[in-house]
Enquirer: 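Structure in structure tokens, see below.
In what follows, chains carry the letters A, B, and so on, assigned in the order in which the sequence lines appear, proteins first and then strands, with residues in each chain numbered from 1.
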Amino acid sequence: MCGRYSITSAPEAIRRLFATTNDLINFAPRYNFPPTAQGPVVRRHPDTGKRTLDLLRWGLVPVWAKDMSGAAKCINARGETVATLASFRSAFKKRRCLVPADSYFEWKALPDKSKQPYAIGYEEGADPMAFAGLWEGWKDPASGEGGEWIHTFSIITTEANPLTAPVHNRMPVILAPDHWPAWLGEVEASVEELQALLKPAPVEGMRVWPVDKRVGNVRNDDIELLKSITSQRK
DNA sequence: CCAGACGTTGTT
DNA sequence: GTCTGG
DNA sequence: CCAGACGTTGTT
DNA sequence: GTCTGG
């Protein structure tokens, strides 16, 4: 799940919602945000303890990776196993983040082998969601001393809730604001407590609506992609 | 000990 | 980096 | 996640 | 069929 989403809220609105304190970065709305693109992520600075909003690349590259060839494979991390798997356990302990999103897309497989894309999000006017994420820093070993750090992130998934299950069996972990401090590491939380946050979001306020198949092509990135092709919501 | 892997999704 | 398999 | 490519040689 | 790019 969750190989495409939208992040259309203005940088200033995201900064306000997440109370980040670094200089405001600018980024254009993305109606069809794909793996390997740079998107806004909320983290806690390990030294200052302040929340920051930065652009990271979607597709976690573990520190020990020899190259970036496997990057697009770690766009998601299963909540059931993040605490122990080699690619994620270090980030799970020390580099958790929030990924702001306004909706995400799922492709429902139809009996005729075709696929119908759906957008999933909260009712109109709601705040952006915060996906539970992990991030990593990676430096190309081939680049030597002058190499630049590349920062990447992954979105944690869990079982679908009853509303989204008909479309797809997995969904991103959506954290409510009162869980942000624990997830970001601002307040102490045990592995068990953190793991307990990785569960399906309640269906209250959520919406699922079919959208145009143009969303399949990452080159399409316009507001029409978020409109329902039937009559519900947007 | 060294070598090699390290991931998710969907579909069958 | 760290665990697993041989 | 989907869309799109999937190859070599030599020469510039 | 399977990998790469976005």
Enquirer: Is there side-chain contact between A/H151 and A/W138, with at least one heavy-atom pair below 4.5 Å?
Expert: no
Enquirer: Within less than 4.0 Å of OP1 or OP2 of B/dT8, is there a side-chain N or O belonging to A/T81?
Expert: yes
Enquirer: A/F105 has an atom CZ; how far is it from atom C1' of D/dC2, in whole Å?
Expert: 12 Å
Enquirer: Do A/V218 and A/R4 have side chains that get closer than 4.5 Å, going by heavy atoms?
Expert: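 Counting from C-beta outward, A/V218 and A/R4 do come under 4.5 Å.
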Enquirer: Going by ring pair (Phe, Tyr, Trp, His ring centres under 6.0 Å), name the residues that satisfy it together with A/F18, two or more places apart in sequence or in a different chain.
Expert: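 Once residues adjacent in sequence are excluded, the partners of A/F18 under the ring pair (Phe, Tyr, Trp, His ring centres under 6.0 Å) criterion are A/W180.
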Enquirer: Nearest heavy-atom pair of A/W64 and A/A86: which atoms, and what distance?
Expert: NE1-O, 4.1 Å
Enquirer: Between B/dC6 and E/dT4, how many Å separate the two P atoms, rounded to a whole number?
Expert: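 Each nucleotide's P atom is 16 Å from the other's.
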Enquirer: Give the rounded distance in Å between these two atoms: CH2 of A/W138 and P of B/dC6.
Expert: 18 Å
Enquirer: A/R214 has an atom CZ; how far is it from atom P of D/dA3, in whole Å?
Expert: 13 Å
Enquirer: Remember a base hit wins even if backbone is also touched, and classify A/L60 as base, sugar-phosphate or nothing at under 4.0 Å, heavy atoms.
Expert: nothing
Enquirer: Quick check for you: to the nearest 0.5 Å, what is the distance between A/C97 atom SG and A/R44 atom CZ?
Expert: 14.0 Å
Enquirer: Please list, pair by pair, any protein nitrogen or oxygen found under 3.5 Å from a nitrogen or oxygen in nucleotides 3-6 of chain E.
Expert:
{"residue": "E/dG6", "atom": "N7", "partner": "A/T36", "partner atom": "OG1", "Å": "3.2"}
{"residue": "E/dG6", "atom": "N2", "partner": "A/R4", "partner atom": "NH2", "Å": "3.4"}

Enquirer: From CG of A/N169 over to P of B/dT12, roughly how many Å is that when rounded to an integer?
Expert: 14 Å
Enquirer: For A/D67 and B/dA5, give me the distance from atom CG to atom P, rounded to whole Å.
Expert: 13 Å
Enquirer: Are more than 12 heavy atoms from other residues, nucleotides or ligands located less than 6.0 Å from atom CD of A/E188?
Expert: no
Enquirer: Is the phosphate of B/dT9 approached by A/T157 (side-chain N or O, under 4.0 Å from OP1 or OP2)?
Expert: yes
Enquirer: Categorize A/F88 for me: base, sugar-phosphate, or nothing, with a 4.0 angstrom heavy-atom threshold over every strand shown.
Expert: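 Counting heavy atoms under 4.0 Å across all strands, the contact made by A/F88 is with sugar-phosphate only.
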Enquirer: Rounded to the nearest angstrom, tell me the gap between atom CG in A/L134 and atom P in B/dT8.
Expert: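 Checked: the CG to P distance equals 11 Å.
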Enquirer: I'd like to check A/L226 versus A/V211 (side-chain heavy atoms, cut-off strictly below 4.5 Å). Are they in contact?
Expert: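 Contact flag for A/L226/A/V211 side chains = no.
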Enquirer: Grab the CG-C1' distance between A/N32 and D/dA3 for me, whole Å please.
Expert: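 For the pair A/N32 CG and D/dA3 C1', the rounded distance is 12 Å.
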Enquirer: Ignoring backbone atoms, establish whether A/R170 has a side-chain N or O less than 4.0 Å from OP1 or OP2 of B/dT8.
Expert: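 Looking at the OP1 and OP2 atoms of B/dT8, neither is under 4.0 Å from any side-chain N or O of A/R170.
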Enquirer: Provide the distance between the two P atoms, one in B/dT12 and one in D/dC1, to the nearest whole Å.
Expert: 14 Å
Enquirer: Sticking with atom C1', work out how far D/dC2 lies from B/dT9, rounded to a whole angstrom.
Expert: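 About 12 Å, rounded to a whole number of Å.
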Enquirer: Taking only side-chain N and O atoms of A/N217, does any of them lie within less than 4.0 angstrom of OP1 or OP2 on D/dG4?
Expert: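 So the side-chain polar atoms of A/N217 do come within 4.0 Å of the phosphate oxygens OP1 or OP2 of D/dG4, strictly under.
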Enquirer: Tell me whether A/R43 forms a cation-pi arrangement with A/W135, defined as NZ or CZ under 6.0 Å from the six-membered ring centre and within 45 degrees of its axis.
Expert: yes
Enquirer: So, the side chain of A/S6 versus the backbone of A/T8: is there a donor-acceptor pair under 3.5 Å, distance only?
Expert: no
Enquirer: Which listed nucleotide (B/dT12, B/dC6, D/dC2) is nearest to the side chain of A/K113?
Expert: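 The closest nucleotide is B/dT12.
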Enquirer: Any chance you could encode DNA chain D as dot-bracket? Rule is Watson-Crick or G-U wobble with both distances under 3.5 Å; [ ] for pairs crossing earlier ones, | for another strand.
Expert: ||||||......
Enquirer: For atom CG of A/L24, is the number of surrounding heavy atoms from other residues, nucleotides or ligands below 6.0 Å larger than 12?
Expert: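 Yes, enclosed.
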Enquirer: So which nucleotide from B/dC6, C/dT2, B/dT9 ends up closest to the side chain of A/N76?
Expert: B/dT9
Enquirer: A/F92 has an atom CZ; how far is it from atom P of C/dT2, in whole Å?
Expert: 18 Å
Enquirer: Have a look at A/W64 and say if it touches a base, only the backbone sugar-phosphate, or nothing, with a 4.0 Å heavy-atom cut-off.
Expert: base
